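Okay, structure first, notes after.
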Amino acid sequence: MAARGSILPGTRQWRVRHGLALGLAIGIGAALGIGGFTFRYAAGLSYFSPDPVACVNCHIMRTQYDGWQKASHHTVAVCIDCHLPHDFVPKYLAKAENGYRHSERFTTGAFVEPIRVQPRGVAILEANCRRCHAALAAEISHADAPPERELSCLHCHFSVGHGESARLGAPLSKHP
Amino acid sequence: NIFQKKVEQRNPYVRLVEVGEDDTDPAKWGRNWPAQYDGYKHTAIRTQTRFGGHGGSEALPGEKIERDPWLKRMFLGYAFSIDYRDRRGHAFMLADQEATERLKKPQTGSCLHCHASIMPLYRKLGGGDAMAGFKDTYKASYQDLSKQLHDSGHAHPVSCVDCHDPKDMSLRVTRPAFMLGIQALAASEAAVPALPSIALWRAGKREKPFDPNADATRNELRSFVCGQCHVEYYCSGKMTLTFPWGKGLKLDDAESFWNETKFADGHTFFDYEHAETGAPILKAQHPEFELWNQGIHARSGVSCADCHMPYMREGATKVSDHWVRSPLLNVNRACQSCHRASEDEMKARVDVIQQRNHDLLERGGKAIVELIDAFLAAKGRGAPEATLETARQLQRKAQWRLDYIAAENSMGFHAPQEAARVLAEAIDYARQGQTVLLTP
Amino acid sequence: NIFQKKVEQRNPYVRLVEVGEDDTDPAKWGRNWPAQYDGYKHTAIRTQTRFGGHGGSEALPGEKIERDPWLKRMFLGYAFSIDYRDRRGHAFMLADQEATERLKKPQTGSCLHCHASIMPLYRKLGGGDAMAGFKDTYKASYQDLSKQLHDSGHAHPVSCVDCHDPKDMSLRVTRPAFMLGIQALAASEAAVPALPSIALWRAGKREKPFDPNADATRNELRSFVCGQCHVEYYCSGKMTLTFPWGKGLKLDDAESFWNETKFADGHTFFDYEHAETGAPILKAQHPEFELWNQGIHARSGVSCADCHMPYMREGATKVSDHWVRSPLLNVNRACQSCHRASEDEMKARVDVIQQRNHDLLERGGKAIVELIDAFLAAKGRGAPEATLETARQLQRKAQWRLDYIAAENSMGFHAPQEAARVLAEAIDYARQGQTVLLTP
Ligand SMILES: [Ca+2]
Ligand SMILES: [Ca+2]
């Protein structure tokens, strides 16, 4: 598959786009009357914690949590190191937006399983890979190159976070 | 065994009713496990995909031998030329067996092994020993055993108790023919890259024969339970129902197994004589378990249940979808759990694989029909018996291969390259038969 | 284009020497990029796997046509029956071409398109326009053009400048025949699931023809650079070097492309007349790019470079291993970043695939030889010309398919099911030819 053409976190468009997203989200939330509530109680707060356990407040994050513990990075990176933008402003927005969306989806159950990382989620991931592995990736990755001229780290390393995908936890022979 | 214990310790299920070995009625189990029972009941719903599920009406699946006349031609002289339809959901397995016109020819009691929840009856017939009871059912007529089944009140399609231990709901296999088959396989030298527990057993003391319920991994059991029925077999009046695994699970292994099998009367094994040529034909039946074993998924530890019974969320817990059916009706859970590609892309991949396989099947059908025509022509010309006999042997080899992939129900998906290899050989032998018949 | 600019701004590499379009000597580039140059030089090391690399001596790879006599039989009447060896590393490509006995027959200048760093010479011949220069090289003799190449000082095997833009080292394709081929493919309706940028171009305005260097993704370029040479082609004196992609990349597409191609003299396209039968044969050459396109890896965006030039750690950074060779010599880097199975398991998977493919090839070889024998016998019996002509057409179809997979260098791995399908058809047509010849 071609490298996904989504906006890289941190850019101006990104902030604008997500500022709107957040506004919109809260708008709908207010309308539905659940947003604020669930966001606060169910999980929203946990988004501001670096503790992986915060993520498994939601049982549906369980497979990824389990996978993460078995995968190569559990000693070196926690969830937010990979899944949230590094620099503060976008991080704050992403947290609010994700936290809101996840809480809302979680409460209404309006999400498709298996859960798949979304294009924007992938862009965040890619940026984080490059952040930690800047030196190593120097010759093969060019941060300012347009997406179609980039090579996705996940193309080869999709398993670094959670091992072999088994998003619904189907037992493969490796974990009988 | 440890696994059993573990399960007992946790025994995660609150039970409203106790269930035991003789509870063949799924409704009763359903009170304890409603989610799985609901899924199970859905197998009565009509489903269809391009090659899967069934055409035809609500009432009666489409007639395969009408759709593909070359199938009928291959089967002339055998009951399958009378009536051979698309399969459908588990809920129908007993009714469809009782309805098939194939019963117009005498059939044995063995047929019920895979179409009913028959274990209690086997135990009754064997005075408590199911294996003993099973072994002689081939002597009984289908009608006779079917009557006993109905009288005993166990006339249900495959049921919970056939795959689950009522003690703790752990998976287990129950079918005698599978036990004998898998033990013979384990005892052989055949490579089994997809079945690690057999390699493990072979490396061990081998005091007791391989026992899937004790020795197999949970992941293997997720396929073994299906392997109780979705396999090639002999099921007729001359000997006990047999799975031909004593030399391995490959098409070639089964062929030499049959070739070296002799009937009581000393005659080499065959299923029927072809009506037009008199060739001693081998009939192949739904070798899903065997073909899957040749594929990359099996090697990678991907089980039948992973694709045909994927997990689904029930509130806070995950349950296996007991609506056993085509994964193409369920791609996001059946495939995307492991594959990163989109649903459309996954469907397209399957379609490419199945299309190639379908093209080769049609090509093979054409070849086999031309072989039979050539035979009749040669016979008409008074060709020497030696020539005709060579042609019959080639027809046997060709039909065995063609039928094997035609009867397998994934249209090549379970092992695409292996299926294509088998069809290439089928075509080669059919055409060779023609040349033999044409050579003056 | 924007990308170019961006790249110029950053230009990540410290250069000790400037390199430009006329620098065909890799040693010079090597001063800037020693890691890649070291890898490149390693392609002179002898390697061998079960089916890959080369047998034979250090000095001379093994003779394929000796190892598989049926190959030689197929090629009778063509230069490939004189000398056809295992391939080896890139370092040898020019020397091996100059050494082949096939040059005893007249060969055209086009041959150098894929065996030398020829772009400067094309530009010279075309007065600055490489495409123009290229188009007429088929009229020159190999010896003539080879002399010009040596005189111009560009007699190097494929070199850095053939795949890299000296400005910024980004990947790019340079070969005129590839440009023409890929543009014809883009302009066609053929499905290209593995080449998303072509679908994108088709959806666009289509003002300019598809330009891989501007329109393709980086990931696609990681395969396109190889597709400049590892492809089926026509390369002889009757017309310009051609890649038959105007109807698609499948075997069947190329076949109808050739069937609809006419030479200047109006005769339908063919490569040679078979010496024994006079059949107008299509010769297939190394269609790695085309077969890869039919496989699951291509669909999944896995490029040639992913497996044949995997990244390797070089001090603090990662570089692409420019020791282009069999991935089986390098399984942990070539496969295991994507596949978590053990190295032995990955090798075993390849072996199963290649063994099946090899068995079918041998089966096809037997069939084609028997077809040719049958032809001679029939001709001896004075069979009618109509019969012989039908047989010739079937031989053309059969050999095209058999040779296609025999000439492809992965022994079926690049697309296992597709390769098996093609071989099944090869066998079918060869046997059909026999029956036609035998029918009185
Ligand atoms: Ca059978
Ligand atoms: Ca060619």
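Proteins come first, then strands; the chains are lettered A, B, ... in the order of their sequence lines, and each starts at number 1. Bear in mind that the values here come from a model prediction, so they are computed numbers and not experimental data.
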With a 4.5 Å heavy-atom cut-off, do C/Arg340 and A/Ser159 have their side chains touching? yes
Should the heavy atoms of other residues, nucleotides or ligands under 6.0 Å from NZ of C/Lys250 be counted, would the total exceed 12? no
So how far is it from A/His133 NE2 to C/Thr317 OG1, rounded to the nearest 0.5 Å? 14.0 Å
Quick check on C/Gln36 against chain A: is it the side chain, the backbone, both or neither that has a heavy atom closer than 4.5 Å? side chain
How far does CG of A/Leu136 sit from NZ of C/Lys318, to the nearest 0.5 angstrom? 5.5 Å
Can you see which heavy atom on C/Leu171 is nearest to which on A/Arg149, and at what distance? O-NH1, 4.5 Å
Point-to-point distance, once rounded to the nearest 0.5 Å, from CG of A/Leu151 to OG1 of C/Thr217: 9.0 Å
Chain A contact via C/Ala194 - side chain, backbone, both or neither, heavy atoms under 4.5 Å: neither
Nearest-0.5 Å distance, SG of residue A/Cys156 to NE2 of residue C/His339: 10.0 Å
Any side-chain to backbone donor/acceptor pair from A/His157 onto C/Cys338? Under 3.5 Å, distance only. no
